[in-house]
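One structure is given here, and the rest of the page talks about it.
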Number of protein chains: 2
Amino acid sequence: MYTNLVDINKNMRFSTKAEYGLKAMTNLAQCYPAQKTIGEIASQENISQKYLERLMGILRNGEVVQSSKGKQGGYVLSKDPKKIPVGEIIELLDGDIAPMRCVGKFCSSEHKCPSSVVWNKLGVQIKKTLYGMKLSDLIKN
Amino acid sequence: MYTNLVDINKNMRFSTKAEYGLKAMTNLAQCYPAQKTIGEIASQENISQKYLERLMGILRNGEVVQSSKGKQGGYVLSKDPKKIPVGEIIELLDGDIAPMRCVGKFCSSEHKCPSSVVWNKLGVQIKKTLYGMKLSDLIKN
DNA sequence: TATCATCATAGTACCTTAGTAAGAAGGAGG
DNA sequence: CCTCCTTCTTACTAAGGTACTATGATGATA
């Protein structure tokens, strides 16, 4: 009864973009400041190379990695892993973190619905958690 | 450049199920312990009545509301709003809160990927926040 | 100029969301 | 008993997003 509506939930999850991107970034962090090709990262992290190419493009636009083309090309982190917050990577790939749209006539700035309190409080908590963690916190050694 | 992949983000959001359900629950909390019909709630909160019927069914199965059929029928909260955590309502409607699937060979229990630290830490934070808020915290007076 | 890497667009199958449509089930009042 | 009025349930649908694949352009190095 009604279970089909809830059985497989995909809400309040990050996409594989965030997952793959974070894996690629931690992989690069482990060899920082050396560079690596997408092919190497993809096979080590078991990610589709073609898909990862697109994700790395986003991260490059976001200036957390730098690329060089051609033979001997590849990717490097553009900063020390200690200075790259996990939240920055995730927001680049998954967009702004906001747990509810909260638009429309019952959630405008004039008339706040009671539940908007929940979404605002939660949004702050999530960002605090994700920006408090740095890439360097995710690698061993 | 790649922007179409990120422009409109729907990840890390709750669905309208959670939004509507929470609105309906706060609406019921405001008249607790009196009852109300779905029709009243739907028009006051500007939600499709037919859709809300389904959502209320889920909440009834989750035993946060009680219903009575027939003429003079309607819905009541099954507990005092002080005793109903916001997280319970949201998990009933949106399913278990877990920010990443983390399955597959790189995220099994034997071989934890570095980024699983992020998802676990975040999941704990989100639950703590949502279960710390009660329905009674969302209503004025 | 051949090779090897990044960079970019287009297209696809599958799935979820957010509903609508149609009606069955059941209690209250006449 | 009958008819309202409510809840309850299943089935269906359009729109849109995810997670890719396919195909190739661009550009640096040897």
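Worth knowing before you read on, the calculation uses all heavy atoms, side chains too, and leaves out hydrogens, waters and symmetry mates. We name chains A, B, ... by the order of the sequence lines, and we start the count at 1 in each one.
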### Message
Nearest to the Arg54(B) side chain among dG26(C), dA8(C), dT10(D), which nucleotide is it?
### Response
dT10(D)
### Message
Does dC8(D) have its OP1 or OP2 closer than 4.0 Å to a side-chain nitrogen or oxygen of Ser67(B)?
### Response
yes
### Query
Are Gln125(A) and Lys128(B) linked by a side-chain donor-acceptor pair shorter than 3.5 Å?
no
### Query
How close or far is atom P of dT17(C) from atom CG of Asp94(B), stated in whole angstroms?
8 Å
### Task
Round to a whole Å and report the spacing from OH of Tyr51(A) to P of dA8(C).
17 Å
### Query
Quick one: is Ser48(B) getting a side-chain N or O under 4.0 Å of the dG19(C) phosphate, OP1 or OP2?
no
## Note on the structure
Regarding the side chain of Tyr20(A), the nearest nucleotide among dC20(D), dA19(D), dT7(D) is dC20(D)
### Message
Does a side-chain N or O of Ser15(A) approach OP1 or OP2 of dG17(D) to a distance below 4.0 Å, or not?
### Response
no
### Query
Heavy atoms, side chains only, cut-off 4.5 Å: are Leu59(B) and Leu93(B) in contact?
yes
### Task
When you get a sec, tell me which of dC20(D), dT23(D), dG19(C) is the closest nucleotide to the side chain of Lys50(A)?
dT23(D)
### Task
Considering non-hydrogen atoms only, spot the tightest contact between Leu135(A) and Met25(A) and give its length.
CD1-O, 3.7 Å
### Query
Would you call Leu52(B) and Glu45(B) a side-chain contact if the rule is heavy atoms closer than 4.5 Å?
no
#### Entry: Leu52(B) CG to dC8(D) P, straight-line distance once rounded to whole Å
12 Å
### Message
Of the options dA19(D), dC8(D), dA18(C), whose atoms approach the side-chain atoms of Arg60(B) most closely?
### Response
dC8(D)
### Query
Hey, which of these two, Lys69(A) or Gln72(B), hits DNA chain D nearer its 5' end, going by closest nucleotide?
Gln72(B)
### Task
Round to the nearest Å and state the distance from Glu45(A) atom CD to dC20(D) atom P.
15 Å
### Query
Could you give the NZ-to-P distance, from Lys71(A) to dT1(C), as a whole number of Å?
16 Å
### Task
Would you kindly compare Gly70(A) and Ser68(B) by the position of their nearest DNA chain D nucleotide and give the one closer to the 5′ end?
Ser68(B)
### Task
Please state how far atom CG in Leu93(B) lies from atom P in dT16(C), giving the value in whole angstrom units.
17 Å
### Message
A side-chain contact here means heavy atoms from C-beta on lying under 4.5 Å apart; do Lys127(B) and Glu91(B) qualify?
### Response
yes
### Task
Measure from OH on Tyr75(A) to P on dG27(D) and round the result to the nearest Å.
15 Å
### Task
Measure the distance from CD on Glu53(A) to C1' on dT9(C) and round it to the nearest whole Å.
13 Å
